[in-house]
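Step one of this worksheet: look at the structure below.
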There are 2 protein chains.
Amino acid sequence: MRSYGQYCALARGLDVVGDRWTLLIVRELLSLGPSRYADLQRGLPGIATNLLATRLREMESAGLVVRMQLPRPANVVVFALTPRGAALEGALRELVKWGAPTMSPPSAHEEFRAHWLQLPLRGLCRDNAPGSPPQVVRVGSLDDGCDIAVDGGSIEVAASTPTAEPAAVVDGDPGALVALFTGQLPIDAAASAGMISGDVEAVRRVVGGYPAGMPHLKEALP
Amino acid sequence: MRSYGQYCALARGLDVVGDRWTLLIVRELLSLGPSRYADLQRGLPGIATNLLATRLREMESAGLVVRMQLPRPANVVVFALTPRGAALEGALRELVKWGAPTMSPPSAHEEFRAHWLQLPLRGLCRDNAPGSPPQVVRVGSLDDGCDIAVDGGSIEVAASTPTAEPAAVVDGDPGALVALFTGQLPIDAAASAGMISGDVEAVRRVVGGYPAGMPHLKEALP
DNA sequence: CTGGATCCGGGAAGATACTG
DNA sequence: CAGTATCTTCCCGGATCCAG
């Protein structure tokens, strides 16, 4: 990207991450962890392959990303965030909080990946039953989703892993999924709609609801 | 901006503010308050006039900015942030915190405006003498600068105003100014260098220093 | 003078085909 | 699978011009 030529922390930051697609690539690497090129492409529908290659090269020379050759299996290449790249999480979370009020139902041409919910869910979920034993609630599927792990009052949201044994799995159309976690769709309604398989109480445990996680959701609307 | 076409809070947010110059325009309006077209141009060196006009129009239709005709003096036009636009401050502050570690001394071609320090200073300053009477420290000049107002432990950073009576004025070359407030340049050294006019103790009162405001400054470097 | 609009060249982004 | 090559499109940047 062409530099703004301003001695200003914001402008200097945008010189590095202001390019198109760059922050979405960071989102993918934050959500998925070290990823292969093809995995990044799947999580970034709409990106041109040359653009992804170019961005990864630029981000590597900017110190946001490292490219690694894993010896096994068979010289696989993965891309991972450096600490400097991972430090963008705060900025991404603020942008997510700001963008969330515009999450009206998806339009027909919009793509969706359940693992995109990871960053929002970190702000939206909590443990409503700290005394209960540890549990995992999966959103989406094992191929593409998040595991919300609650344990004694603390929560962790990460990409779905085969080792986790979810007490409940929540899935459904994107608009309903978002509505559920922002408190616009009651859990009972989601259950009746067949969005929840497994223990509905586990879902009730983690859904923090809209006012706690995003108190400004309404007043920030235009 | 062309939409990413992703049903994701981050992507939707970037659809609105991901365009070049948009966040810097928000920076100006956050720092200066409602501003005239020419004032924005002065605070955005390097922007093409057509681009500023285009962005302001886009931001207006996105609900970030309102265009107002003041009746007096003589039908003056000003641009101001809506609450939705002002809600970007959190994201901007995170980006500033992230960009700050790259604030090496300015290169020759970089422009500088003292009022750009406003957002960083909100994170960097504090009242080290809550018991003392209210004071104002000016950074830069009246034409282009910030007033740091401390009063009983709380601080407020705003654009310089003629009504304020600063106890001290800090000014100098951009690199030194940044170094002073990030704790890399001792206050005594700044005073000896002639950067401070007025009460040096007032400056000492507000300079919070680097570790408090930006604890991650070093570890976040590449 | 302020607050833009118009025109144009260059370069970044987008789409697709192709390859080691 | 992990990109490169190529072509097109359109946004950005710079200069100039214009209306109130």
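On a predicted model such as this, the values are computed, not experimentally measured, just so you know. Lettering of chains follows the sequences in order, A, B, ..., and the numbering in each one begins at 1. Basis for what follows: all heavy atoms, side chains included, without hydrogens, waters or symmetry-related copies.
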(request) Whole angstrom is fine here: how far is it from CG in A:Leu70 over to P in D:dA2? (result) 10 Å
(request) Assign each of A:Asn50 and A:Arg2 to its nearest nucleotide of DNA chain C by heavy atoms, then name whichever residue's nucleotide is nearer the 5' end. (result) A:Arg2
(message) The side chain of B:Arg20 is closest to which nucleotide in this list: D:dG3, D:dC12, C:dA13?
(response) D:dC12
(request) Indicate, with a heavy-atom threshold strictly under 4.0 Å, whether B:Ala38 touches base, sugar-phosphate, or nothing. (result) sugar-phosphate
(request) Starting at atom CZ of A:Arg36, determine the distance to atom C1' of D:dA2, rounded to an integer number of angstrom. (result) 9 Å
(message) Expressed as a whole number of angstroms, how long is the span from B:Leu52:CG to D:dC11:P?
(response) 18 Å
(message) Check A:Asp147 with A:Arg138, please: is the shortest side-chain N to carboxylate O separation under 4.0 Å?
(response) yes
(message) Could you go through A:Arg12 and B:Ser104, starting from their C-alpha distance and side-chain angles, then the distance that decides it, and tell me whether this counts as side-chain hydrogen bond (donor to acceptor under 3.5 Å, both in side chains)?
(response) CA-CA 10 Å; A:Arg12 285 239 184 143; B:Ser104 48; 3.2 Å; yes
(request) Whole angstrom is fine here: how far is it from CG in B:Asp15 over to C1' in C:dA13? (result) 15 Å
(message) For Watson-Crick and G-U wobble pairs within 3.5 Å on both distances, what is DNA chain C written in dot-bracket notation, | included for inter-strand pairing?
(response) |||||||||||||||||||.
(message) Quick check for you: among D:dG13, C:dG3, D:dA2, whose closest atom lies nearest to any side-chain atom of B:Ala48?
(response) D:dG13
(request) Starting at atom CD1 of B:Ile25, determine the distance to atom C1' of D:dC12, rounded to an integer number of angstrom. (result) 13 Å
(message) Using a heavy-atom cut-off of 4.0 Å across all strands, would you classify B:Ala53 as base, sugar-phosphate, or nothing?
(response) sugar-phosphate
(request) Answer yes when A:Arg122 and A:Glu156 have at least one side-chain N-carboxylate O distance shorter than 4.0 Å, and no when they do not. (result) no
(message) Determine whether a donor-acceptor pair (N or O, by modelled atom type, separation under 3.5 Å) exists between the side chain of A:Asp173 and the backbone of A:Ala176.
(response) yes
(message) Can you work out whether A:Ser3 or A:Val78 has the more 5'-proximal nearest nucleotide on DNA chain D?
(response) A:Val78
(message) With a 4.0 Å cut-off on N to O distance, would you call A:Arg42 and A:Asp39 a salt bridge?
(response) yes
(message) So if I take every side-chain heavy atom of B:Asp19 and compare against D:dC12, D:dG14, D:dG3, which nucleotide ends up nearest?
(response) D:dC12
(message) Distance check needed: D:dG3 P versus A:Asp39 CG, whole Å only.
(response) 12 Å
(request) Ignoring the backbone of B:Leu51, work out which of D:dG13, D:dT4, C:dA13 is nearest its side chain. (result) D:dG13
(message) Aromatic contact between A:Trp116 and B:Tyr7, with the criterion being ring centroids under 6.0 Å apart: yes or no?
(response) no
(message) Closest approach to the side chain of B:Thr49, judged atom by atom: which nucleotide of D:dG3, D:dC12, D:dA15 is it?
(response) D:dA15
(message) Please determine whether a side-chain nitrogen of the Lys or Arg among A:Arg57 and A:Glu60 lies less than 4.0 Å from a carboxylate oxygen of the Asp or Glu.
(response) no
(request) Round to a whole Å and report the spacing from CZ of B:Phe79 to C1' of C:dT2. (result) 11 Å
(request) To the nearest Å, give me how far apart CD (A:Gln41) and C1' (D:dT4) are. (result) 13 Å
(message) From C-beta outward on B:Val77, which listed nucleotide comes closest to its side chain: C:dG3, C:dA13, D:dG13?
(response) C:dG3
